[in-house]
Every structure is written in C-alpha cells, then in structure tokens.
Protein chains: 2
Amino acid sequence: MRLKPVARKSLSDAVFEQLSQEIVHGRMRPGTPLPSERALCDVLRVNRGAVREALKRLSQAGLIAIQHGGGTRVLDFKQTASLDLLNRLLFHHDGTVDLRVARSVMEMRAAMAPDIARLAALRRSPGQVLQLDEMVAAMAAQEQDLLALQVLALQFWDLLTVCSENIAYQLAFNGLRHSYEGMREALVEVMSEELRDLAAYRRIADAVRRKDGEGAGQSAQALMQHGSRGILQLLAALESSTDDQAANGEEDDDDEQ
Amino acid sequence: MRLKPVARKSLSDAVFEQLSQEIVHGRMRPGTPLPSERALCDVLRVNRGAVREALKRLSQAGLIAIQHGGGTRVLDFKQTASLDLLNRLLFHHDGTVDLRVARSVMEMRAAMAPDIARLAALRRSPGQVLQLDEMVAAMAAQEQDLLALQVLALQFWDLLTVCSENIAYQLAFNGLRHSYEGMREALVEVMSEELRDLAAYRRIADAVRRKDGEGAGQSAQALMQHGSRGILQLLAALESSTDDQAANGEEDDDDEQ
DNA sequence: TTTAATAACTGGTATGACCAGTTGACCATC
DNA sequence: GATGGTCAACTGGTCATACCAGTTATTAAA
C-alpha cells in the first residue's frame, strides 16, 4: 500500500489550473476574450480575489493579457509563454503523454547536453570534479536499478549544468527537468541503453577533470545520441500507427508557386 | 517627436517587482522567511490583496515557497526558476548589463541555433520556405540599417524555430528573446559582422528548402560562431579589466586531494 | 519526560464597497 | 463629414473587515 501526500490545492490554484488547461488545449483560441472577473466568480463559485490571483498568474505565464478597463483576452502561448509551460503541455486532457512534446524535450536535451559538458570542462572547480566522481561512483553502485540510475543521471546533469556556470542553461534545465520528471517512469525502458552506459558518464567526468572541453562535448553527444535513438524510434512508430490528423499533405512535396 | 505609451504599473506589479529584485540580487538569501502578508501590507502601504497577488506570482516564478499556516520563505531561484527569469537577471540594480548573464544567453543561442536549423530543414512546410525567402529578401533591402537587420534576424530565427516544430525550442526561444531584446541595442555593434553576413542567412534558407538538415545546421553553426566571437571577446576583455571579486583562486589549478 | 490541549501565529476565503480606465453611443461644434 | 465633449455602462484595480483553516510554540496535564 503506497500512500502519497494528499494534494491540497487552493482555490486560486484550481482556477488557474482550469483556465490554463482550457487555453493550452486549444478550447480558447488566441484573441478570445475571457469572461469578466465578476462573471468568472459566478461561474466558478469563488470570490473575486481567488479569480484575480489566478488571472495574474496566467498573465505572468504569458497565457492571457489583462487590460485595465478593457477586458482580458487569450494570447498565443506559443509566442509568449516560457519553458515552464512544458509540463502542462506534456499531458493530454486524458492524462496520456503528448508524444510531440516528449520528442521536443528529448531533442532539446540532446542539443544542449554537449555544450553544457563542454563549458563544464572549461569552468569547473576542483571540488566539482570530486562531486562528479562521487556521482559516477554512486551510479556504478546502483547498476541494477534502472529507476535509481535515472534519478542519478538527472543529478549528474544537474551538477554538470552548475559546473558550466551558464545561468541560461541552469534555468532551461530546470524547465526541462520538470517536464522530464512527468514522463520519467514511462521512459525508463526505452532509455535503458543510455542509463546503463556508465562508461560514457565516466568519459564525460574524466574529460571535465582534464578540462578537455571538446572531449566532454563529444562524449556527451555520443551518450545523448544512442540514448535518444530508442525514443525517437518509439515516437516514429507510434506516430505512423496513429495517422488521425493527417488531413494535410505528407512528405516529398515541392514548392508551390 | 518620438512618444512612447506611458508605463502604468498596478500595485501588485510594483510589489512583485520589489520583492523579486530583492531575491534575485541576493539581498534575501534562500531559506530566509518572508515577512507575513499582513506585515508586508504595513511596510508597503498596500492592501492585502495586492500583496497576495504578488506573492502568488513569485511562487509561480519559483522564487518563494508558500505554505498554508506555515509562512513563506525564499527559494534558490537557480534551482527552481525557469528561463523567463533571465530578463530580471540581466540587469544589475544600477541598470547596467550583467555580462555573465549576457554571455550565458549568447552561448545558449549558439548551441540551439544549429539544431533548430537542422530540424527546420527536415520539417518545414512549402509555405514556410516562401516566408523564409521573403525574410532574407527583406534583410537584403535593409542592408544599411543595422538595427533593422537585428530585428529582422530575430524574426528570421523566430520563423525558423516555428519550422522546427519543436515546442520546447519555441518556448525557450521566447524566454531568450525577452532577455535578448533587453540588451539588443547595446550589442548591435559587436554583432555587426554576423548581421551583415546575409550570405549565411541565404545559405540556411536554401538548405531548408533542400530539406538538407546537416547543411542548415552547419551554416547556422558558422553564422553563430563568427557572430558570437566578438561578444565573447568583449566580455573577456571587460572581465579581465574588472577583477574586483577575484577573492578565490584563479585558473590552472589541480585537484586538491 | 511525555503527551495533549491551547493560544498565537501563519496563509486562505468571503463580502461589499468604491476607485479608475475603456468603450461606445450620443450630441454639439466647427 | 470630421472633430471633440459628455455620459452611462461596462471593464479591471484597490480597499477594509471579517472569518476560516493550517502550523507552530507554548503550556498544562498525565
């Protein structure tokens, strides 16, 4: 019997959740005016303060635009939202994972990792080298447990990102991690090849010790490649079997003129 | 006579601004408990609703953690915030640009651009090819005006990111763009070499037309490299001339053991 | 010493009033 | 016909005052 802490949501959280889902899943198109705050109070049966707190958060997240006296309208979140929206986009309303979003996350991960490793090698402190060694040792000790390896791998990359001394990478990593953790357990099998490749993590850590930026980058790229392969294959297979939205033309087109 | 819309901030915006600056600039360390909502009302001379709206936004931005009944404390934003915090980090309290943050943005940009171009080449629609052509043509027409070129280049990359059909890249690009626009005019000179290299943009657009992912990626990498060079040199020069916080040891160390 | 009740915090919700900005209809003016 | 003023009916923004709900340190009882 595995019990989890009961989720406790404040009213404004619930309002935020409902409205953001409506917007993100396309039930409220960009440009659509939102009901007035007082109208939302009526519909949602909460006080105006709760509604306002939620609207302020939606505004900050880039989902809506509020104008004093003029009303509130839905924005195109693809142009205005930031990475922390990923975990909301990751799941369909039925709880299944949106594979296009998952693929996006894996692609971005693969592009960033080599440069993170490269910079980490150039800028790491001596103490961080030791931390990386401990990390790799911990992974070697957990070689059997894929889930534990996955967590450790995440921590490994977290540490490497800190070593890179690049605040943009750190913040982007935070956003990616939040969404990645949402699908982590679902991916543990397809990523087993990457997770078990302890030698690759070793190579990265060694290159970082040598301050060998290129070596670290290449090792990271190799690790990402043979790790992402399985996922991309899985996604391609699932996509070809679910051609439900294939309304428009497919590949091998030429310029229409 | 160039007039701009007058800036109008709501109270909760002002509160959010003040508190986030306090946190981001390190005057409130992670773990520090915030004053209670009622205490903040007293200090800031605003009603509790305004304070609560601001706190909810700070919580969503990953800067604080609110616990019902338990109080509110400051988080380590480097571990919990997302990319949209960049534009707040970019400026010191005196208004000058934080060069470490600027360097981070340029590095991340350089790492993402080649993969964005690669994916765009693989997934673009015929219509998007035409849009890219128009974009390059518009840049050729503005060859003299660096500021206009900079704006167009930003739009070029925006379009390319849309072509990549990678939602993570799109969201990350939004975050980077917001911070980039904050330092855009300051960088126009150092980036002139990149902005004037219309042939490179042409090469990328052509590779995208040919669905040549590798070609597009390489062209993008080349463009980024010779564009970022000037900036990194500038940053290195400025850093070496301002060695004020060089309390700890410098390079060429070895493992302490 | 341990445990249970409690008082004094904390944040969360509710209500009703009023201030302030926007919009559109209407109207006088030019 | 175009311009600018007036006004009513929206919209969001601010405020004060309750009270509910959860946490924590204190205190009294076992």
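Below, chain A is the first sequence line, B the second, and so on; all start at residue 1. Just so you know, these numbers use all the heavy atoms, side chains as well, and skip hydrogens, waters and symmetry mates.
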Do [X] and [Y] touch side chain to side chain, with heavy atoms closer than 4.5 Å?
X      : Y      : answer
B:M112 : B:W157 : no
A:C163 : A:L159 : yes
A:H93  : A:Q21  : no

Which whole-number value in Å describes the distance from [X] [atom1] to [N] [atom2]?
X     : N      : atom1 : atom2 : value
A:L40 : D:dG13 : CG    : P     : 13 Å
A:L44 : C:dA14 : CG    : P     : 11 Å
A:R73 : C:dT23 : CZ    : P     : 11 Å
A:L34 : D:dC10 : CG    : C1'   : 16 Å

Within the pair B:T72 and C:dG11, is there a side-chain N or O less than 4.0 Å away from OP1 or OP2?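 Answer yes for this pair, as a side-chain N or O of B:T72 is under 4.0 Å from OP1 or OP2.
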With A:L75 via side-chain contact (heavy atoms from CB on, under 4.5 Å) - residues at least two apart: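 For A:L75 the side-chain contact (heavy atoms from CB on, under 4.5 Å) partners, ignoring immediate neighbours, are A:A65, A:R73, A:T80.
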A:S104: side-chain contact (heavy atoms from CB on, under 4.5 Å) partners, not counting sequence neighbours: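 Counting only residues at least two positions away or on another chain, A:S104 forms a side-chain contact (heavy atoms from CB on, under 4.5 Å) with B:N166, B:I167, B:A168.
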Taking all atoms of both residues into account, what is the closest heavy-atom pair of B:N174 and A:K78, and its distance?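 Closest heavy-atom pair between B:N174 and A:K78: ND2-O, 3.0 Å.
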Between protein and nucleotides 14-19 of chain D, what N or O pairs are separated by less than 3.5 Å?
from	atom 1	to	atom 2	distance (Å)
D:dT14	OP1	B:L11	N	2.5
D:dC15	OP2	B:N47	N	3.3
D:dC15	OP2	B:N47	ND2	2.6
D:dC15	O5'	B:N47	ND2	3.3

Kindly state which residues belonging to residues 60-71 of chain B come within less than 4.0 angstrom of DNA chain C, counting heavy atoms of the residue only, listed by number.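 Under 4.0 Å from DNA chain C: B:I66, B:Q67, B:H68, B:G69, B:G71.
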For the helix from C:dT1-D:dA30 to C:dC30-D:dG1, measure the angle between the helix axis at one end and the axis at the other, each built from five pairs, rounding to 10°. 10°
Please say which of B:L152, B:L147, B:L195 ends up in a side chain to side chain contact (heavy atoms under 4.5 Å, CB included) with B:Q142.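 Going through the options one by one, the only one that passes is B:L152.
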Interatomic distance, B:E53 atom CD to A:S12 atom OG [nearest 0.5 angstrom]: 10.0 Å
Sub-3.5 Å donor-acceptor pair from the side chain of A:S20 to the main-chain atoms of A:F16, do we have one? yes
Going by the rule side chain to side chain donor-acceptor pair (under 3.5 Å), which residues pair with A:N87 if we only count those two or more places apart in sequence or in a different chain? none
Cut-off 3.5 Å, side chains only: do B:D84 and B:S82 have a donor facing an acceptor? no
